[in-house]
Amino acid sequence: SSSSDSEDTSSAKSQLIMTYPGKFSFNFHPVADSDSGQQIFYNLFYSNLVRRGSSAGTIVADLASTWENVAATTYTFRLNDKAKWSDGQPVTADDVVFTATAAAQNADKFTGYTPTAWLAIDGAAAIAGTTKPLTGIKAVDPHTVQITLAAPDSQYLTTLANAVHVILPQHALAAVAPATWAKSAFATQTPIGSGPYKLAKVVPDQYLEFAANMDYYQGAPKIKKIFVKTGMTEAGIVNQLKTGELDVALGMDPTNQSLLASTSRLKTSVDVGVGTMYIQFRVDNPQVADERVRQAFYYGVDRASMLKSLFGNAGKVLWAPAGFDQTGADLNHYDYDPAKAKQLLDAANFDYAKPLTLPYASTESGWDKIAATIKDDMGKIGVNITLAPMDETAWSSKLSDPNPNAFSVTLNCCGTEGRSPDASSVYYNKTFVGTKYYNDQLIGLFAAGRAESDPAKQATIYAQAAKILNTAVPYNWLWARSGLNVLPTALQGASIYQSVIDTTGNAWQWSLR
Amino acid sequence: MRYVVRRLLAAIPVLIGVTLVSYLALSFAPGDKLSAVVSQEALLQMTEPQKAALRHSLGLDQSLWKGYLHFLQRLVHGDLGFSLSSGRPIASELTERIGVTLQLVGPSLVIGLVVGIPLGVVAAVRADGLIDRIITSASTLLIVVPGFVLCLLLIDLFAVQLRWLPASGLSSLGAESLNDRIRHLILPSAVLGAALAATLMRYTRSSVIEVLASPYIITARAKGIRTRRLYGVHALRNALVPVITVFGLSLPILLAGAIITETVFGIPGMGSYAVDAATRRDPGAMMGVILVIGGGVVGANLLTDLIYSVVDPRIRLGGAGT
Amino acid sequence: MTSTGAVLRCADVRVVFTPRGLATARADRIVAVDGVSFEVAAGRTLAVVGESGCGKSTLARALVGVQRYTGDITVAQHRGAERRRPIQLVFQDPYASLDPRRTIGFSVSEPIRAQGRHSRAETAKRVGELLELVGLDARMSARYPHEFSGGQRQRVAIARALGADPAVLVCDEATSALDVSVQAQIVNLLIDAQRAQGFAMVFVTHNLAVVRQLADDVAVMYLGRFLEVGPAAQVFAQPRHPYSEALLSAVPRTSAIVDEHRQIRLVGDPPDPRNRPDGCHFRPRCRLYQQSGEPEVCRTRSPGLLATRQQEAHLAACHVTSGPAGPGSVSGTAQ
Amino acid sequence: MTRPLLPGSVRAAANRFRSDGTAMFGLIVILVTLIAAVCAPLIGRYDPNATNLDEVMRAPSGSHWLGTDELGRDVFTRLLYGAQTSLTVGLGAVALSVLVGMIIGAVAGYAGGFVDGVMMRLTDIALSIPPLLMGIVFVAILGPSTTSVIIVIAALSWPSFARLVRGEVLRVRGSDYVLASQIAGTRRLRILTGHVLPNIMGPVTVAFGLGIGTAVLTEAGLSFLGLGVRPPQASWGGMVTSALSPEVLQNAKWIWLPPAGMIGLLVLAATFVGDGLLRAVDPRTQS
Amino acid sequence: MSESLLEVEGLSVEFVSKSHSTLAVRDVNFSMAAGSSLALVGESGSGKSVTALALLGLVSTRNGRISGSVRFQGRDVLRLPPRQLRELRGAEIAMIFQDPLSSLNPVMSVGQQIAEVVRAHERVSRGAAKARARELLTLVRIPGAERRFGDFPHQFSGGMRQRVMIAAALACRPKLLIADEPTTALDVTVQAQILDLLRDLRTEFDMATLLITHDLAVVSEFSERIAVMYAGRIVETASTRDLLDAPGHPYTRGLLASTPQIESELGLRLTPIPGTPVQLLKAPTTCPFVTRCDQVLDRCREQEPPPFGPREIRCWLHEEGS
Ligand SMILES: Nc1ncnc2c1ncn2[C@@H]1O[C@H](COP(=O)(O)OP(=O)(O)OP(=O)(O)O)[C@@H](O)[C@H]1O
Ligand SMILES: Nc1ncnc2c1ncn2[C@@H]1O[C@H](COP(=O)(O)OP(=O)(O)OP(=O)(O)O)[C@@H](O)[C@H]1O
Ligand SMILES: [Mg+2]
Ligand SMILES: [Mg+2]
């Protein structure tokens, strides 16, 4: 049949076509790294100093073949001396220094993710907006870099593996004005990387074609070509997986698993990722200012049923931020209990007559269903919720609006909270607008946790933080999200990483049977 | 020629009006224009002064009128600026997208004309007969079913079940060829073309029926003209005049239909670009789209008039020579 | 035509159509009515005859005030463009001149209501009278036009016109669309109504045979101008203008003896008003112009309407027949 | 003779319409839908918006005639309530665009000259704006609701009505009977209301009928782009978009087929009624 | 001239619709010899045009029911197979219509419309057909025929259009020309030209001519014989002179009395036929003229009269006096 035809061709040609749902932009300068989907092809094309490994919490070599944590704040990285840029130039320690320095000088240009690992380097804050050198980083020799941080950070290596921290070629970028980084030819057409694959073709808004970089320092990739498609809907992905137009799809809606069951060419798995589905409150909004009201949402929404009926149980119900230890004895599990919810609301003198407006981004898959269920569940205990679906732009502006009345409650998701307790620390900053919840004790605990290198001590610190968040409920963690991941059965050497977009991290080791 | 130039000049105020309306509408739409450049996460962490600085550097802090005048100013120099979201020149993005959309809309126009008009004639000649009923019902069905339902069903049938055609996209990666491109365009342009064909068929049918009752057709019959010539030359050419109007009107509608088709089939054409531009509040990209589509409408009108004058010798263009 | 008792006076009426648009050439201007002057006395009928496109309808529309014109039109002491002047129009097409969605009672009552001095009951009564006057049943006023035949509709249209108590009634081809038998009914109706009410009538037509039945005076129009005006008897018996002569001779006749020598055939087509010849507009089709050796004056000067000594009321615009040689008879020159 | 309630031509047209099979079929479909929509609370046995997570995506059965949707809501009940939305949108949008189109078209056609020029340029502008694009922006401004869907659809469709009305006004304005009325001394406004408007109502009514169908389809298209009515309110277009989920498309046809069928049927009915009106008011069929 | 060219016997045409049927032509009989001329006169709706169309088998088969026989040169036109019927039309029997503008195809050049008749009936080259069309244009006295060959109907004046129609009708030298109100839409002076032309061509081509009109004055100058139609029937047939001098049927008399005449005395009051034209929806049980007749007998109300006497007058007044 024709399905086996396409199977044959894809393996015979030794190529893979992969995608990640949604639209992510084809920009090769980390200054414009704003969509998580980009990590997939950044992994193919660029090298970071280190990568996250396939099992949670591990760090593996990348451009740095070895590294050591010389002191609490100092790291030394020894670069792989075989590493070359795709234009043939060698990768040197100066490139690393250049990358970090340029980012620190131009932190304000980063319109997507913030290059936190570079900004954490000692002296980074001081050179923002200048062209001065970064004192905390130096090239010890052409293949050795030493980084000194402003403060100890137990999560530093994990952070370094983010796409925004890819190492860039100094020889190609030194002459490009930072203001034009995002628009430069380097960013859109002719990037130079040092990863296992070279960019062969850019078809904007459609796909990227990568060809194996036979000079790759960790070994020549076995799969000759990899395509990364963008702009696909879930339905489109499912169809193309079935017809053989796609081989790999990551992070899809788990409900699609049954549809792919009959396709023997593919193996599917539903894996708990690092993202979370949550209700977000604006704690400075009078309607939900009382923490009992927020707790009532925990009791009043039947999260377990929702997860089971709407998402095929693909996930894990939570009561503390994902990444935190959920087993803490004093954490309230907030199992479904409408009566308790009602009590809390009454106790908080909740004004039932005034409806709550719940804005959400209607384009996000599944949010319509979750919103409708929340409305219905809370409606049963007398809380009147008006749903306000809107497009993503309007919604995200609402979220970042400093005005407390911009919204009282909304939906949100994803993120990387599952990676570690520290990953969610950013949500509780004083400057962070989203929920406007902060408390000095909590901020102190996160800082202490980050600085602490002893795992046991760290765990007690985070248990305290978990308790605070479990009570104050600035976010109502619904569940840790699972994603449907699809790989060809013929694909060897690939595994789904905890953070699914890291999955391409070892693509150079993949092969097709 | 002078007529064409005159018509194009007359289109300028309309295009200015169109861009002005869109610009105003866009500026009243809620949502921070920074969203086009800054991710949601970053937006949450930026302080107000930071935002203000970024807005300033992107020229997003201009007053309404200044912003619009600025846009016009650049337009006069043929500069559409850069897309905020992708950082690429809007002009080149539009060119790519137009190319794709034309690949989609072009064949569907052909399908619409080649299928719709002859079927309309057949139905009219056999008015109220069995063939007419079949053709008319089929076209009615095509008109009344929501477009995206048709898309989904066709994909399910032809791509997923039968495996005859690819499910979506523009090309099989790594195996691009003309043949492959054509295979990818069959379903989407069939969907678009079918709707157009159905509409054209209905209009052709009623127009031909009307023409067939006209005195010059009776004259032609009385002259003993052969049936084929009677329908094909005498009736059809006259019947085409109202059909051309519908055809001209349906060009912009086709572009609108292309939005949905492009979305379902994952084709990066003007339609999906327009949706992206609007949802991201990317003013430059949006104005670019508006200009292109507005220009398309103007062009379609002009084209319609030119075709009129070819089909019907009575119509002289604007009194300025034939 | 005496000016005493004239209820309709026209002086140098001119209507020019200028097509609108960006690229209008002067050549596209149409002078539809080109300086027409005449008078009609109460109770009298002036027939305006001429070929299609010569400006008859345009003149009629100017008279009733729905067409911009220059010059002077006075209707029973009303000058200029007053909204309600005692002049009414009967149209050619009885199917188009009645609103299909209004009862004929409504249509007939319009001019009465526009006068605004009658109560509702009075209006209804008047409508009934008018319908009876034109030979319809007063009870028909609640019916709709589609329930009537063409002849009946034309009666309704006449009733409507009479409702305004017009001093002048203009009929633009009022009988052309009707069957002969019905045409005769309408002609008779108009004659009777005129006798009873005493209005002056301008009867526009291209049917010369009908003109014989009702006209006191005849004006022959060509390319927006009157070429000949005179009492019907004189114009029919002895047309002074070669065009009138040809027009008359072209009318088919039923009489046994077909007067062979009177068969004068005009050559060529009716002229294009966009493209009027210099001098005498009729020159290209004129028999006399050729026969009298293509006189220069016909090419250069447009002839004025002149009377003869014998017949003061009979005017013609022809250089040849009313030239310096003195007015001669057309037939004389023709032989 | 008693005065008839309706003008004769209208009565005649109504008679022709009544004896027109397909037109009557269309009318009946619309009426039945209307009744079902109005009586939804009486017929539907469930709360249209009440989710039931224990009964998600159940196939049709005795208790749920058309099964349940992804949130366990009764599809049949939602279909009834969806009729309310679709009809409100269909009728509302068309009524609004006819109103706007009538005013602009009638004024432009009747006033002529400069006013006409300005109004027609406005119409050109409105016609040249990409419809769905404006939809996105409008909905972003107005927020999702039945009203904004109506406004968006009306904003998209008034220009064609305006053109239609203007053309008709020009036709009627140049007719002999309007001239006659003018000669009779009737005032302009009276002519407009007394002759012009009644005589353009035929084509406008036809366009109204056909416009309903288009509006219902447009609502579906807007829902597809996420620009539909505010959830959880049921609308047929919104219900059909469930089919975007491949699982629903293939395994739960009862969720989207009935609304898709109803959209088709309603559009068909509206088209039939429109076509029937066209036949009924066509002067050539008048005896 | 022993054998007559056209023999019409018992021709009836009925148009049926859902609600009613119209008896347009009822039991019409007449015959024409080669080269002869006959006029069919009568008021609007009396069935003249339908009779003419029936002679060419052009009555719509959709709602028209036709019976009787039309023998043209011995062949029954009504029963000819479609192909032969087509070959007959335009070649043996040609027809011209009242309104030359709507009867000419507006989008084809006049030359084409003449040439196509030649091509439809004779195996000649395109060039030969064109040459013939040019000759014909000259024949019907179109000035500058050569130049105007490629012009379109709207560029011609009314009289010229009618000449084009005539040229197309004469293209294959038909034996019979049917002229359905050929001059009604024309100016008096042009009407005279066209009638002259037709008269000349009739003798030149030795072509029988059936002239249809409602104007007695027109036929008096043109035809040898006149048949008067009323309510679908021929109620009187006579030579032109006889009929005009001594009209037999009261309708003929009424028609003559209500026709305004250029020779009549000034201000002569016409005598109209009272009432309105009738249209029969079912077979009458009285004389159809009874309501408008001024000499009604009792018989008239009882039975429709059969034809009496050599003039075949359908009037009871003529019952005994044949
Ligand atoms: N509204 C108009 N705009 C431009 N030209 C016009 C207009 N109305 C009439 N004309 C032109 O003016 C000339 C006179 O027209 P008019 O209708 O008065 O002729 P007519 O004598 O009534 O002809 P007919 O016998 O055919 O009714 C014609 O050439 C006509 O084309
Ligand atoms: N195709 C048709 N369908 C139905 N009725 C028709 C059709 N053609 C003609 N008739 C009817 O047949 C009758 C005779 O029409 P016909 O055209 O022969 O009249 P006519 O004598 O030519 O009149 P006129 O002088 O107006 O041309 C009329 O009542 C007409 O309405
Ligand atoms: Mg006229
Ligand atoms: Mg006829």
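Predicted, not measured: the structure shown is a model, and the values here were computed from it. So that the names make sense, note that chain A is the first sequence line, chain B the second, and so on, each numbered from 1.
At distances below 3.5 Å, not a single donor-acceptor pair connects side-chain atoms of B:T101 with backbone N or O atoms of B:I98. Under the 3.5 Å distance criterion, the side-chain polar atoms of B:R205 are left unmatched by any main-chain donor or acceptor of B:G120. Side-chain N or O atoms of D:Q84 include one that pairs as donor or acceptor with a backbone N or O of D:A37 at under 3.5 Å. Panel note: side chain D:S86, backbone D:A83; no donor-acceptor pair is recorded below 3.5 Å. The backbone N or O of D:L79 lies less than 3.5 Å from a partner atom in the side chain of D:W236, making a donor-acceptor pair.
Inspection of the B:Y68 and B:S27 side chains reveals no N or O donor paired with an N or O acceptor under 3.5 Å. In this structure, a donor-acceptor pair under 3.5 Å is present between the side chains of D:S145 and D:S148. For the residue pair D:S235 and D:Y81, no side-chain donor N or O sits within less than 3.5 Å of a side-chain acceptor on the partner. If you check the side chains of D:S223 and D:E219, you find a donor sitting under 3.5 Å from an acceptor.
Of the listed residues (D:L265, D:L266, D:I125), the greatest number of heavy-atom pairs within a distance under 4.5 Å of chain B belongs to D:I125. With chain B as the partner, the residue from D:G261, D:A220, D:A270 showing the most heavy-atom pairs under 4.5 Å is D:A220. If you tally non-hydrogen atom pairs under 4.5 Å between each of D:L122, D:L225, D:V137, D:T214 and chain B, the highest count goes to D:V137. Chain D forms the most heavy-atom pairs under 4.5 Å with one residue out of B:V160, B:T263, B:V145, B:L141, and that residue is B:T263. Comparing B:A29, B:P30, B:A278 by how many heavy-atom pairs each has under 4.5 Å with chain D, the most go to B:P30.
Interface remark: B:V21 contributes side-chain atoms only to the contact with chain D (heavy atom separation under 4.5 Å). Of the atoms belonging to D:T241, heavy atoms from both backbone and side chain fall under 4.5 Å from chain B. Contacts between B:V18 and chain D at a heavy-atom distance below 4.5 Å involve backbone atoms as well as side-chain atoms. Only the side chain of D:L217 has a heavy atom closer than 4.5 Å to any heavy atom of chain B. For B:I143, the part sitting under 4.5 Å from any heavy atom of chain D is the backbone (N, CA, C, O) and nothing else. Of the atoms belonging to B:F28, heavy atoms from both backbone and side chain fall under 4.5 Å from chain D. With a 4.5 angstrom heavy-atom cutoff, D:L244 touches chain B via backbone and side-chain atoms both.
Interatomic distance, CD1 of B:I90 versus CG of B:L291, reported as 10.0 Å (0.5 Å rounding). Rounding to the nearest 0.5 Å gives a distance of 11.5 Å between CG of B:L150 and CD1 of B:I260.
Of residues 282-290 of chain B, those residues with a non-hydrogen atom less than 4.5 Å from any non-hydrogen atom of chain D are, in numerical order, B:M286, B:V289, B:I290. Residues of residues 292-304 of chain B placed with any heavy atom under 4.5 Å of a heavy atom in chain D are listed by number as B:I293, B:G294, B:V297.
A salt bridge is absent between B:R281 and B:D276: the closest approach of a Lys/Arg side-chain nitrogen to an acidic carboxylate oxygen does not fall below 4.0 angstrom. Under a 4.0 Å N-O distance rule, the pair B:R202/D:D275 qualifies as a salt bridge.
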Exercise. Would D:D116 and D:R121 satisfy salt bridge (charged side-chain N to carboxylate O under 4.0 Å, His left out), going step by step from the backbone distance to the final call?
Worked result: CA-CA 8 Å; D:D116 185 22; D:R121 285 300 80 69; over 6 Å; no
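Checked against D:I150 for a side-chain contact (heavy atoms from CB on, under 4.5 Å), the options D:T146, D:I153, D:T147 give a single hit: D:T146.
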